[in-house]
Amino acid sequence: MKRAFYVTTPIYYISGNPHIGHAYTTVVADVLARTARTSGPAYFLTGTDEHGQKVANAATAAGTTPQAWCDELVPRWQKLFATYHVRYDDFIRTTEPRHESVVQRVFERLRDNGDVYLGKYEGWYCVNDETFWLEAKLVDGKCPTCGREVQWISEDDWFFRLSNYRDRLLQYYREHPEWVRPKSVYNEMVALLEEGLEDFSISRTNFDWGIPIPGGGGVIYVWFDALLNYISAIGWSSDPERFATYWPASVQLIGKEIARFHTLIWPAVLWALGEQAPELVFAHGWITVDGQKMGKSLGNAVDPFALAERFGADSLRYFLLREAPFGSDFSYSEAKIAQRHNSDLGNDLGNLVRRSLSMLFKYRDGVVPPGDATGSEVGAAMATLPQRVRSLILSLDFRGALEAVWELVVTLNRRIDDQKPWVLHREERDTELDALLYDLCEGIRWLAMLLHPVMPERTAEMWRQLGATAPIDADWSEALRWGGLAPGTRVVLGDALFPRIELDAAGS
RNA sequence: GGCUCGGUAGCUCAGUGGUAGAGCAGGGGACUCAUAAGCCCUUGGUCGCAAGUUCGAAUCUUGCCCGAGUCACCA
């Protein structure tokens, strides 16, 4: 089987409601997967992280079982992704048997080869944060992050021999300076490696909502369990051929706060299993509100459903990818979303489609005329655009990719003003008018295909208005040749693709 | 506090040694197919502060100021 592009998001911890940040990461993964598919196979995995004491406690508080609690919450996440037009190939839940069996097999394998050993863990433990603290870190004898009471825990725990992999990690970082991005996260991790790594506990005995350790002795620590989703979903140890198709992952998207799990512990675990580290781990930036990180605890989380309702999911997708360089933080505001929507999508793109199709109706009864038999200037100028766009997206430069696509938008708008089709029509210069109208329609076809990964729903509407019948997500190298739109195609004059959004004076 | 990143036009950002750039917003103009959109022209910056290196610094060094992130909850 051919190697495929494999992209993952973190699996989302099942507590509380999803916010716009969760949609962000997942949308980015979706755009990568959809773009990769324009030249070959791709696989996009997301899912939920469902074990751990916090989930157990929340379920108890709700008067239900942890499993029932998770079953109730999972659809909210799936609904979020559906709202944002995300099409994943697989949604894994860590409570599924296919995952649990892999985690247990991994544990057995590592215990057999000595990377996992039995030791004693003693320390102060905060239940809320699921975190062990050194005595020196405690504030007034309480948890330094949440301020709650901590308890003294002394237990026999299983440990992963992370310290053994420190030298190999350091060497790997030196030889692969691009494997963790952006650079700031890479630097942080190298600094941590230089300080040294300690073995860490991968078992818990003080609660039981987790994957049982084979042979007894508690449950597996939720983080160790969670990381393995990336390989349990693609058949590690159960379907070697399938696994080899996808692993190592092409891109693993994460948030900055979970970088050490994904870029220190995760590769070490993989190596302990005899597998390769992922090709790229990318920690993206935060959506901020007034420069402050968004989060439940800060009370400034934005409801992603309301936002999609107001601006349209595709406009939001465009905004998230276009507004800031990928990797940097960027500040969210409704005014900025509205500005992008109105300016880029409404004025430039939507209006281009509207004015082009309108003229096609006015001058040619809505039927695509033949193009210039001697070739199109626009077509020649845009010949390399698809491969540029794909390459920019797959290197995670979404902003650059969208700017490149806008070269075509600007070119077509300018062409209309330069050639003045209303004059061509008045003077009955039919061949010139045909050639121009053809280029406009063909250009719109290109735009629909090029932007489809970013705005799947609105581009499908463009496609419908254009009367195109071929698949919109076909292989670019085949479909994006100038002249692909058949003359004689009947277009449809539909509603505006991106109607203007007016914010009231107070709207910010 | 340690570490990391950033501070360039009103906004979002590009620009790593050689006379300050783009898009948006603002101003002006010519058009009319179009979502008062598009096109052309244009205003606007002592490149966080200070010192240093250099023939020459937004770009290198040092110090400082400000912002953010991370340091086992969190995209």
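- For the pair A:Arg181 CZ and B:rU4 C1', the computed distance is 17 Å after rounding to whole Å.
- With B:rC5, B:rA75, B:rC33 as the choices, the nucleotide that has an atom nearest any side-chain atom of A:Ser184 turns out to be B:rC5.
- Comparing B:rC74, B:rC39, B:rU12 against the side chain of A:Asn413 picks out B:rC39 as the nearest.
- Taking for each of A:Leu253 and A:Phe200 the nucleotide of RNA chain B with the nearest heavy atom, the 5'-most of the two is the partner of A:Phe200.
- For the pair A:Phe326 CZ and B:rA75 P, the interatomic distance rounds to 14 Å; values are reported in whole Å.
- The side chain of A:Tyr12 sits closest to B:rA75 out of B:rA75, B:rC3, B:rC33.
- In the set B:rA75, B:rA34, B:rG38, the nucleotide with an atom closest to the side chain of A:His284 is B:rA75.
- One interatomic measurement links the two molecules: CH2 of A:Trp406 to P of B:rG38, which rounds to 13 Å at whole-angstrom precision.
- The partner of B:rC49 is B:rG63, by the rule that a Watson-Crick or G-U pair needs both atom distances under 3.5 Å.
- Ring centroid separation for the pair A:Tyr221 and A:Phe160 does not come in under the 6.0 Å cut-off.
- Separating the CD1 atom of A:Ile254 from the P atom of B:rA72 is a distance of 16 Å, rounded to the nearest angstrom.
- One interatomic measurement links the two molecules: OH of A:Tyr318 to P of B:rU12, which rounds to 17 Å at whole-angstrom precision.
- The phosphate of B:rC24 (OP1 or OP2) has no side-chain N or O of A:Lys336 nearer than 4.0 angstrom.
- Nearest to the side-chain atoms of A:Gln339 among the listed nucleotides B:rC40, B:rG69, B:rC24 stands B:rC24.
- Taking the C1' atoms as reference points, B:rG23 lies 23 Å from B:rA30, given to the whole Å.
- Minimum interatomic distance between A:Asn17 and A:Trp77 (heavy atoms only, all atoms of both residues): C-CZ2, 4.5 Å.
- What separates CG of A:Leu412 from P of B:rG38 is a distance of 15 Å, to the nearest Å.
- If you measure from atom CG of A:Asp344 to atom P of B:rC13, you get 15 Å, rounded to the nearest angstrom.
- Both A:Leu349 and A:Gly255 lie close to RNA chain B; mapped to their nearest nucleotides by heavy-atom distance, the more 5′-ward contact belongs to A:Leu349.
- Remark: the separation of the C1' atoms in B:rC39 and B:rU32 is 11 Å, to the nearest Å.
- Taking side-chain N and O atoms only, A:Arg500 has no distance below 4.0 Å to OP1 or OP2 of B:rA36.
- Contact annotation: A:Arg260 side-chain N/O to B:rA72 OP1/OP2 distance is not under 4.0 Å.
- The aromatic rings of A:Tyr12 and A:Phe81 are tilted relative to each other, their planes meeting at an angle between 30° and 60°.
- OP1 or OP2 of B:rG38 lies within a sub-4.0 Å distance of a side-chain N or O belonging to A:Asn347.
- Contact annotation for A:Arg399: backbone-only contact, meaning every heavy-atom pair under 4.0 Å involves sugar-phosphate atoms and none involves a base.
- For B:rU16 and B:rC11, the P atoms lie 23 Å apart once the distance is rounded to whole Å.
- Paired with A:Thr46 under the rule side chain to side chain donor-acceptor pair (under 3.5 Å), one option of A:Thr25, A:Thr26, A:Thr9 passes, and it is A:Thr9.
- Between B:rA51 and B:rG38, the distance separating the two P atoms is 46 Å to the nearest Å.
- Judged by atom type and distance alone, A:Asn351 reaches the base of B:rA34 through a side-chain donor-acceptor pair under 3.5 Å.
- Rounded to the nearest Å, the gap between the C1' atom of B:rC41 and that of B:rU46 is 28 Å.
- Nucleotide B:rC73 forms no Watson-Crick or G-U wobble pair with any nucleotide shown, as no partner meets the under 3.5 Å limit on both distances.
- One C1' atom belongs to B:rG26, the other to B:rG10, and the distance between them is 9 Å to the nearest Å.
- Salt-bridge annotation for A:Glu457 and A:Arg87: absent, with no side-chain N of the basic residue lying under 4.0 Å from a carboxylate O of the acidic one.
- With hydrogens and angles left out, the side chain of A:Asp417 and the base of B:rG38 share a donor-acceptor pair within 3.5 Å.
- Each of B:rA75, B:rA72, B:rU32 was ranked by its minimum atom distance to the side chain of A:Glu257; first place goes to B:rA75.
- Base pairing of B:rU54 is not made with any nucleotide, judged by Watson-Crick or G-U wobble geometry with both donor-acceptor distances under 3.5 Å.
- B:rG44 and B:rA9 have their C1' atoms separated by 6 Å, given to the nearest Å.
- With rounding to whole Å, A:Ile287 atom CD1 is found 14 Å from B:rG69 atom P.
- Annotation: A:Trp266 is not in aromatic contact with A:Phe261 [ring centroid separation under 6.0 Å not met].
- Rounded to the nearest Å, the gap between the C1' atom of B:rC5 and that of B:rA50 is 22 Å.
- With B:rA34, B:rC24, B:rA72 as the candidates, the nucleotide lying closest to the side chain of A:Phe261 is B:rA72.
- Each of B:rU35, B:rC33, B:rG69 was ranked by its minimum atom distance to the side chain of A:Ala496; first place goes to B:rU35.
- Counting any heavy atom pair closer than 4.0 Å across all strands shown, A:Pro10 reaches sugar-phosphate atoms only and no base atom.
- Nearest heavy atoms, A:Asp30 versus A:Phe44: CA-CE2, 3.5 Å.
- Ring geometry for A:His284 versus A:Trp286: interplanar angle over 60°, hence perpendicular rather than tilted (30 to 60°).
- Each of B:rU35, B:rA34, B:rU12 was ranked by its minimum atom distance to the side chain of A:Glu323; first place goes to B:rU12.
- Within the 6.0 Å centre-distance limit, the rings of A:Phe282 and A:Phe326 are counted as a close aromatic pair.
- Using N1 to N3 plus N6-O4 or O6-N4 for Watson-Crick, or N1-O2 and O6-N3 for G-U wobble, each under 3.5 Å, B:rU12 pairs with B:rA22.
- Taking only distance into account, the side chain of A:Glu403 never meets the base of B:rG23 through a donor-acceptor pair shorter than 3.5 Å.
- OP1 and OP2 of B:rC3 both lie 4.0 Å or more from every side-chain N or O belonging to A:Asn187.
- Taking a pair to require two hydrogen-bonding distances under 3.5 Å in either a Watson-Crick or a G-U wobble arrangement, B:rC39 pairs with B:rG29.
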